[in-house]
Every structure is written in C-alpha cells, then in structure tokens.
Amino acid sequence: RDEVAMKVKETLPKGTVFIPPYNHKYGTVGKEIFEDLKYWKGTYNHAAKEESIRLDYLFVCVGGGGLIEGNSLVAAAISPNRKIIGVEPEVGIDAQQSLQRGKIVTIETPRTIADGAQTQHLGELVFPIMQHNVSQIMTVIDDELVQDMKFFGETMKIIVQPTGCLGLAGLRKRWTVVKFPKAVVVRLFYPVAMLI
C-alpha cells in the first residue's frame, strides 16, 4: 500500500502536496471526522436526552491509525467513560504490538482480505493520540470479516468492503464478554455508525 502511494506521488505535478490517509500534518481521515465534532456531539446529546443513551464501546477499524485517531477524539469529547477498541486483522498486529510496547512496531505487509489494513506500521502523528485514547486493539480473522460482509449485504442491504467490517467483527467477538453494551461500530470511510 505504501509502495503504491509512493508510485502515485511520483506521477503528480511538481508542487502538488500528497496527503496520505493517516500520517500527514495537513490532516488525516480521522481528523476530518473530528472536524464534524459539533454535528456528532449535537446528535449524541440529543439522543442522550431523549433516550438516556450512554456509549460504552466504540469499535473502529485500524490500518494506519487515522480513522481511529479522529473517532477517538470525538468519542472522548461526547462520552468520556467509553472504551475505544481498535480492530485489526490477526495477521497484521502492528497496532496491537505498538500499543503494548509503547513504540511504533513495523511488520511485513499482512496477507488479508482487509486491504485497507495492509499497513506495515501506524502513523507517527496518530500514535500518541491512540496511546492516550484507545483502550485496546483486538484482532479478527478473515473468515469473521466474510461473515460480516454477508451480514451487511443480506441484512442491511449495503455492500461493505472487508476493512470496513473490522469493527463489527470485533464487536461480535467481544459480545460474549460484554453484557448488553451500548456500542457503536464505525465502518470505513465515512462516520457512518451503527448503534447496537
């Protein structure tokens, strides 16, 4: 993925600023979501007043870290007692190892159907925010992603790519541990959430 990005960058006209999705000072996918904080906070506060909703868990796919970074900032602002759970493929545990070791770990490109999570390492700009806000990184296998792609297609009538299924796969795996949680699953690439 990084190699392809570098090849694309080489073809751009001189002076063009290339902004990768998860590690650039001008912004990331996650920071774009954070810009919508007023909308999210307003929606959440309205729902909380109407239904006394509390957010216990936020399950977010993890590749380079940009999406979970922005979502963790939003979740921290609207629900301070929540747990943010990152979910990555079992064959690509760079985020899990990085949080456990307290430094960015680089791995070989993981072989998984979740191509958006085929990153070799977290972004250095997003890692400190993840260390502060993310409670845990859990892993799932490709078969679980296939099951959730079927769920999204058959039940919700939407097509979701494998990486976008990481959050739901994490929730389903943890569901046996958590009794009646209020959880939100964020799927790639837009802040489309599903309240469980």
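- At least one side-chain heavy atom of Asn71 sits under 4.5 Å from a side-chain heavy atom of Leu58.
- For the atom pair Arg82 CZ and Ser72 OG, the distance stands at 7.5 Å (nearest 0.5 Å).
- Side-chain atoms of Cys61 and Leu67, non-hydrogen and from C-beta on, do get closer than 4.5 Å to each other.
- In this structure, Gln118 contributes its side chain and Thr112 its backbone to a donor-acceptor pair below 3.5 Å.
- Contact check on Asp148 versus Arg172 returns a salt bridge, with a Lys/Arg side-chain nitrogen under 4.0 Å from an Asp/Glu carboxylate oxygen.
- At a threshold of 4.5 Å between non-hydrogen side-chain atoms, the residues Leu168 and Phe152 count as touching.
- Judged purely by atom type and a 3.5 angstrom limit, Glu88 uses its side chain to pair as donor or acceptor with the backbone of Gln96.
- The salt bridge (charged side-chain N to carboxylate O under 4.0 Å, His left out) contacts involving residues 120-145 comprise Glu144-Lys173, where partners must be two or more places apart or lie in separate chains.
- Although no hydrogens or angles enter the test, the distance criterion places a donor-acceptor pair under 3.5 Å between the side chain of Thr11 and the main chain of Val8.
- The structure places CG of Leu171 at 5.0 Å from CZ of Phe59, a figure rounded to the nearest 0.5 Å.
- For the residue pair Leu122 and Gly63, the shortest heavy atom distance occurs at CD2-O, 3.7 Å.
- How far CD1 of Ile104 is from CG of Leu99: 10.0 Å, rounded to the nearest 0.5 Å.
- Contacts classified as salt bridge (charged side-chain N to carboxylate O under 4.0 Å, His left out) and involving residues 90-111 (residues at least two apart or in different chains) are not found.
- Asp115 is listed as a side-chain neighbour of Thr163, based on a closest heavy-atom distance under 4.5 Å.
- You'll find the side chain of Ile93 stays beyond 4.5 Å of the side chain of Ile107, heavy atoms only.
- Side-chain contact annotation: Thr106 with Gln120, donor-acceptor N/O pair under 3.5 Å absent.
- The structure places CD1 of Ile129 at 5.0 Å from CG of Leu73, a figure rounded to the nearest 0.5 Å.
- Remark: Met149 CE to Ile159 CD1 distance equals 9.0 Å, nearest 0.5 Å.
- In this structure, CE in Met130 is found 13.0 Å from CG in Leu125, a value given to the nearest 0.5 Å.
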